[in-house]
Amino acid sequence: DEVQRLAKIVDGLTLLTRADAGQIALAREPVRLDELLREACADAQSLARPYDIQVSVTACSELTVAGDRHRLRQLLLNLTDNAIKYNDRAGTVTLSLRRVDGTAEIAVTNTGPGIPAEVLPRVFDPFYRADASHSQAVEGCGLGLSIARWIVAAHGGCIHIASEPPRFTTATVQLPLI
């Protein structure tokens, strides 16, 4: 288990280092985000089942962006994985995709304990984990949101997280449409 955890950390750090050095070339092809969102929902439902967490799609507009399908899928997996890991047992995760002001807006919301306002600005920092008590109980190394931020930026978009403890947390991504 420890070797696998260390391998994940090394893989994540290698990705971020190569990205910072401009050594990762992204594919630029039309990608249907609605298809990716539905796939991400199905994957998240499987991950959430052991925790009695319900995962659903509340809106799914047919939208296309120019991008790297593999990296956009990785983005959705990182966001849905976090929404499950940092949720309450028997909570919910909702995904939505809408056209907003000429962009594709993806929102991933969970009903977990939330993120305190004072730590929200740091959630995208590599290795930062807001709650030390959850750091031991929740598997991960604190690189997922850093990687998500890079993927979004590489696609010309923006990402932010809003939270209202203890009611919900929402990660929102906006990507330019083609």
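Residues take their numbers from the sequence shown, with the count starting at 1.
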Name every donor-acceptor pair, under 3.5 Å, that has one atom in a side chain of residues 41-54 and the other anywhere in the protein, sequence neighbours excluded.
from: D43; atom 1: OD2; to: R73; atom 2: NH1; distance (Å): 3.3
from: D43; atom 1: OD2; to: R73; atom 2: NH2; distance (Å): 2.7
from: Q45; atom 1: NE2; to: V55; atom 2: O; distance (Å): 3.0

Problem set entry | Min side-chain heavy-atom separation E39-L77 under 4.5 Å | no
Exercise. What distance do I151 atom CD1 and I159 atom CD1 have between them, rounded to the nearest 0.5 Å?
Worked result: 9.0 Å
Problem set entry | Pairs flagged by side-chain hydrogen bond (donor to acceptor under 3.5 Å, both in side chains) wherever residues 22-31 is involved - sequence neighbours left out | none
Problem set entry | Closest approach of D68 to A25 (non-hydrogen atoms, all atoms of both residues) | OD2-O, 4.4 Å
Exercise. Could you give all pairs that pass the side-chain hydrogen bond (donor to acceptor under 3.5 Å, both in side chains) test and reach residues 10-22, with sequence neighbours left out?
Worked result: none
For this session: Determine the minimum heavy-atom distance between P113 and Y86, stating which atoms define it.
Result: CD-O, 3.6 Å
For this session: Determine the minimum heavy-atom distance between L95 and A40, stating which atoms define it.
Result: CD2-CB, 4.5 Å
Exercise. Counting only heavy atoms not in R32, do more than 12 fall under 6.0 Å of its CZ?
Worked result: yes
For this session: Flag the pair N110 / T92 as yes when at least one side-chain heavy-atom distance between them is below 4.5 Å, and no otherwise.
Result: no
For this session: Go through the structure and list residues passing side chain to side chain donor-acceptor pair (under 3.5 Å) with N87, not counting sequence neighbours.
Result: T111
For this session: Answer whether the closest heavy-atom distance between the side chains of I115 and I161 falls below 4.5 Å.
Result: yes
Show me the side-chain donor-acceptor pairs of residues 166-178 shorter than 3.5 Å, one per line, residues at least two apart or across chains.
from: R167; atom 1: NH1; to: E164; atom 2: OE2; distance (Å): 2.1
from: T169; atom 1: OG1; to: S163; atom 2: OG; distance (Å): 2.8
from: T170; atom 1: OG1; to: T109; atom 2: OG1; distance (Å): 2.8
from: Q174; atom 1: NE2; to: E105; atom 2: OE1; distance (Å): 3.2

Exercise. With side chains defined as the heavy atoms from C-beta onward, is the minimum distance between L145 and Y128 less than 4.5 Å?
Worked result: no
Problem set entry | Set of residues satisfying side chain to side chain donor-acceptor pair (under 3.5 Å) with respect to D125, sequence neighbours excluded | R122
